Amino acid sequence: MDAAASSAQRLRQVRDLPCPRGLPLIGNLHQLNAPKLHRVLEQWAEELGTPYRFQIAFGEDPRTLEQERGVIQEHLAQIFPMLMHRVNAPFPYWRYVRLPRDRRTDRALAEVHRTIRGMMARSRERMRDEPSDAPRHLLEAMLALRDAPGSDVTDDIIAANVLTLLLAGEDTTANALAWSLYYLCADEPLQQRLASAAHAVLGVHTVCPDYGLVKDLDLFEAVCSETLRFRPVAAIMAFEPVENVQVSDVALPAGSKMFFLTRPPMLAARHYSQPGRFDPESWLRGHAGGDARVHDPRAWVQFGAGPRVCPGRHLAAMEMRLVLSTLMNRFKVKLAADPSTIEEITAFAMVPSRMPVRLALRPTVESFQPQTNQPGRD
Ligand code: HEM
């Protein structure tokens, strides 16, 4: 047998992959608890090894639902759970009958679309009334492209891109910060180190006063990066090949739904010599001693990879640095709940069920400047 024939024999088809036991017709659907989806998938990965398959009649493309923000924020709570619900629905019932929750979502979506159209109209007015040689922001750049001769960009396309940016940028970063507080609350010495680092850069200023100083806030981004290793807000990444492909030793037909779990490799001993230890400083040490296993950032794919890598990753890093340094410069943080009651929820991003945190002014910095914030506020 030649090498090609032997490798063809080793190639597995999707049907050859291990699969959790399911029920007739609905497959594994009843086991896919949407708020705990990432945990269910991680559990199956442990039990079956990877890759594995599961069976479910996917109802719809998540994009049948559009999303929101701004006013938008208040609608997120409505829309994200519905998005998860529809992704996992056995069939797209909402095309035939609209339940009260579908109508609530419709209203939230309509509101979001109105908000975005308003943003677009305001930008257009400004472009007309205060012309500028170059676009002042991304929305203006998109509108200029739409208005260029021969352009096939439409207002709908721009609105969809605005939505993507708002959605992709908000919940991810906000919940990365929320999970970071969870670890900070449990680690007073780390809080102390961060307070000193923040004070060295911010001094009496409330927020980092100069763009050039942001680079001195590495430890704050490191805290978020390390947090995301344990609590990935992007816990599941979904892909669908547009043509037949081979991934590792598995043949995948075009259109196969693939889910990649990001946490298992980030907690694997082959990438981190002490994978269970919360160690933000390891992000600053890098490959100490030349041993990549000590800390292998390539296993950390919270922003994805390749051509569709998150375009907002640098903005997110900047936000993490600024928010945490602002907080740590002035306050001690304490969790106002039993940590064991805080659950992981798949709500598009993997978010904490809640994160009540008590802030207290740091005695060592109290004398810097009077604050409007009151100590002891939640
Ligand atoms: C902690 C914060 C964030 C995390 C963990 C995160 C994670 C991700 C991931 C995993 C993807 C998919 C990558 C892939 O398909 O390979 C993505 C895409 C995207 N992200 Fe982020 N993101 C964050 C913050 C942001 C911010 C602040 C923005 C912008 C304001 C943003 C905008 C986007 C957009 C527009 C896409 C779609 C890119 C495309 O499909 O070409 N993200 N992000």
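We're numbering straight along the sequence, starting at 1. Just so we're clear, the structure is a prediction, and the values are computed from it rather than from any experiment. First listed ligand is number 1; within each ligand, the first listed atom is number 1.
- Around atom 21 (Fe) of ligand 1, the protein N, O or S atoms found under 2.8 Å comprise Cys310 SG.
- Remark: Arg362 is not positioned above the aromatic ring of Phe331, lacking an NZ or CZ atom under 6.0 angstrom from the ring centre and at most 45 degrees off the axis.
- For Ala305, every heavy-atom contact with ligand 1 shorter than 4.0 Å involves the backbone, none the side chain.
- Judged by distance alone, the side chain of Thr105 and the main-chain N or O of Arg101 form a donor-acceptor pair under 3.5 Å.
- Judged by distance alone, the side chain of Arg53 and the main-chain N or O of Pro18 form no donor-acceptor pair under 3.5 Å.
- Between Arg39 and Glu42 there is a salt bridge, since at least one side-chain N of the basic residue sits less than 4.0 Å from a carboxylate O of the acidic one.
- Ligand-side atoms of ligand 1 in range of Met237: 10 (C), range being under 4.0 angstrom from any heavy atom.
- Contacts between Leu165 and ligand 1 below 4.0 angstrom, taking non-hydrogen atoms only, involve backbone and side chain alike.
- Shortest contact from atom 10 (C) of ligand 1 to any protein heavy atom: Gln302 O, 3.3 Å.
- For Pro232 against Met350, the heavy-atom pair with the smallest separation is O-CB, 3.2 Å.
- Counting protein heavy atoms only, atom 1 (C) of ligand 1 is closest to Met320 CE, 3.5 Å.
- Contacts of Leu315 with ligand 1, taken as heavy-atom pairs under 4.0 Å, involve the side chain alone.
- Here is the list of ligand 1 atoms found below 4.0 Å of a heavy atom in Val233: 5 (C).
- In this structure, the protein non-hydrogen atom closest to atom 41 (O) of ligand 1 is Arg308 NE, 2.7 Å.
- Considering only residues two or more places apart in sequence or on other chains, Arg117 meets the side-chain hydrogen bond (donor to acceptor under 3.5 Å, both in side chains) condition with Asp156.
- Phe230 does not carry Arg263 over the face of its six-membered ring by the limits of under 6.0 Å from the centre and within 45° of the normal.
- In this structure, the side chain of Thr262 engages the main chain of Ala234 through a donor-acceptor pair within 3.5 Å.
- Put simply, the side chain of Arg321 never gets that close to the backbone of Cys208: no donor and acceptor are under 3.5 Å apart.
- We find that Arg10 and Asp249 are not joined by a salt bridge, their nearest charged nitrogen and carboxylate oxygen being 4.0 Å or further apart.
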